[in-house]
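Okay, structure first, notes after.
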Amino acid sequence: MRVLLTGGAGYIGSHTALVLIERGHEVIVLDDFSNSSREAVRRISELSGVDVPVIELDLSDREAAQRALAEVDFDAVIHLAGLKAVGESVEQPTRYYRVNLDSTIALLDIMRERGITKFVFSSSATVYGDPIYVPIDEAHPAGVDLASPYGWSKFMNERIVHGAQTAWPELEAVVLRYFNPVGAHPSGRIGEDPSGIPNNLMPFITQVAVGKRERLSVFGDGYNTPDGTGVRDYIHVLDLAEGHVAALERIAPGVETYNLGSGIGSSVLDVVRAFEQASGQAIPYAVMPARAGDVAVLQADPGRANAELDWRTTRSLEEACRDSWNWQSQNPAGYHA
Ligand code: UD1
């Protein structure tokens with residue numbers, strides 16, 4: 001297939017681009033580079049040996065999107081582009097709703113006008129809120145008391161996809177609810193390159209390891225978990241990327257929703273230990289108060305994706321730590337060396 005990959009220069013997008021190309025698909029990267037780098041696309045081309053075309057575009061500008069895509073030939077859209085900083089979304093809710101909703105709406109309208117029916121949407125386990133049971137399957141209630149406009153924007157986008165499919169039955173859509181992506185391509189050429197101070201655990205740890213930050217703050221050790229720190233389901237970004245390809249290759253009319261996670265819960269201290277082991281670097285840390293909006297445990301039941309997409313994770317947390325460290329140590333300043 002010829003796949004329009006929005007957000008294709010980002011962390012998940014760059015790995016998804018590579019896996020798509022390896023599986024024989026053509027990729028067109030669409031990105032506004034507001035939180036990503038052209039260098040990432042250059043490295044996708046270098047790793048794959050394929051010259052990847054790029055469209056620089058802010059998708060929430062509907063007219064610009066219509067103009068830019070008018071002459072572009074594609075069979076499917078994987079929509080990853082969006083704003084994703086939870087804390088920032090609390091400060092700038094209208095910006096988050098506008099950018100994250102307008103871009104999906106523009107894409108779906110353009111697809112319908114063009115008769116392009118295949119749509120994969122990047123959602124998040126954040127739509128489950130504070131879970132009432134774990135591991136979380138897709139039948140777990142979603143969109144209840146979410147902690148941030150970011151989370152709501154993901155949930156609203158899911159509703160938009162469902163609404164579009166009701167009105168346009170030919171639409172073939174998959175909603176992928178990601179758990180916590182970590183790791184990098186084993187080459188160390190592409191990886192996660194957050195701007196500013198990382199919000200997420202793994203990039204913070206790798207920046208401590210590389211000497212950019214003094215110590216990790218562990219956000220709370222009083223949760224009802226084995227060691228008191230938050231438990232998450234960490235998934236290697238290449239396993240996640242393969243989940244997108246599996247979803248795309250089995251797409252059919254309707255909307256299907258899948259959790260993409262490993263099914264394994266790891267605490268903050270488990271991740272610290274796994275990283276220390278994989279990298280040989282000590283990670284100093286200090287326990288700080290819990291972060292607002294965090295939940296104790298988020299852990300996937302990936303059974304549905306395993307069965308219906310014939311997909312499962314094959315890479316361990318240790319491999320993810322090794323690959324994250326390989327990326328960060330080779331690129332201490334990310335793409336801006
Ligand atoms: C966060 C978002 C989630 C989003 C995802 C995208 C929140 C509340 N949730 O997930 O909506 O989809 O990122 O990647 O922000 N931790 C520390 N110290 C740190 C950073 C994190 O102890 O410096 C802990 C957290 O408390 C948590 C775990 O590490 O227990 C994972 O945190 P993080 O990587 O930020 O992911 P989530 O919060 O699960």
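Values below: all heavy atoms of this structure, side chains included; hydrogens, waters and symmetry mates excluded. Start at 1 and go down the list; that is how both ligands and their atoms are numbered. None of these values were measured; they are calculated from a predicted model.
- At a heavy-atom distance under 4.0 Å, atoms from both the backbone and the side chain of Leu201 approach ligand 1.
- Between Phe119 and Phe121, the ring-plane angle classifies as parallel under the 30° and 60° cut-offs.
- Nearest protein heavy-atom contact of atom 37 (P) of ligand 1 is Asn180 ND2, 3.5 Å.
- Looking only at atom types and distance, the side chain of Asn259 has a donor-acceptor partner in the side chain of Tyr128 under 3.5 Å away.
- Side-chain polar atoms of Glu88 and Tyr150 form no donor-acceptor pair below 3.5 angstrom.
- Residue, atom and distance of the protein heavy atom nearest to atom 18 (N) of ligand 1 are Ser217 O, 2.7 Å.
- At a heavy-atom cutoff of 4.0 Å, ligand 1 is contacted by no atom of Tyr223, backbone or side chain.
- Applying the salt bridge (charged side-chain N to carboxylate O under 4.0 Å, His left out) criterion to Asp137, with sequence neighbours excluded, gives no partner residue.
- Nearest to atom 14 (O) of ligand 1 among the protein's heavy atoms is Asn200 ND2, 3.4 Å.
- Those atoms of ligand 1 with a heavy atom of Ser124 less than 4.0 angstrom away are 12 (O).
- Residue-to-ligand polar distances keep Pro181 apart from ligand 1: every N/O pair is separated by 3.5 Å or more.
- Between the Gln281 side chain and the Glu276 main chain, no donor and acceptor come within less than 3.5 Å of each other.
- Within ligand 1, counting atoms from 1 as listed, the ones closer than 4.0 Å to a heavy atom of Thr126 are 11 (O).
- Applying the salt bridge (charged side-chain N to carboxylate O under 4.0 Å, His left out) criterion to Asp239, with sequence neighbours excluded, gives Arg315.
- With Glu319 contributing its side chain and Ser316 its backbone, the two residues share a donor-acceptor pair below 3.5 Å.
- When hydrogens are left out, the protein atom nearest atom 4 (C) of ligand 1 is Tyr150 CE2, 3.7 Å; that is the closest non-hydrogen contact.
- With hydrogens and angles left out, the side-chain atoms of Thr104 and His79 include a donor and acceptor closer than 3.5 Å.
- Proximity of Asn199 to ligand 1, defined as any heavy-atom pair under 4.0 Å, is confined to the backbone N, CA, C and O atoms.
- Using a 4.5 Å cut-off between side-chain heavy atoms of Ile, Leu, Val, Met, Phe, Trp and Tyr, with links allowed through other members, Leu18 and Leu238 fall into the same hydrophobic cluster.
- Near Val218, the atoms of ligand 1 lying under 4.0 angstrom from a non-hydrogen atom of the residue are 22 (O).
- Residue Leu216 approaches ligand 1 through these ligand atoms, each under 4.0 Å from one of its heavy atoms: 18 (N), 23 (O).
- When side chains are defined from C-beta on, Asp301 does not count as touching Ile136, because their heavy atoms never get closer than 4.5 Å.
- Ranking the protein heavy atoms by distance from atom 25 (C) of ligand 1 puts Asp294 OD2, 3.4 Å first.
- Using a 4.0 Å cut-off between charged side-chain N and carboxylate O, Arg43 and Glu39 make a salt bridge.
- Ranking the protein heavy atoms by distance from atom 22 (O) of ligand 1 puts Phe219 N, 2.9 Å first.
- Looking from atom 24 (C) of ligand 1 to the surrounding protein, the closest heavy atom is Val268 CG2, 3.6 Å.
- Residue, atom and distance of the protein heavy atom nearest to atom 9 (N) of ligand 1 are Val86 CG2, 3.8 Å.
- A heavy-atom separation below 4.0 Å is not found between Tyr11 and ligand 1.
- Between atom 32 (O) of ligand 1 and the options Arg232, Arg291, Met288, the minimum heavy-atom separation is to Arg291.
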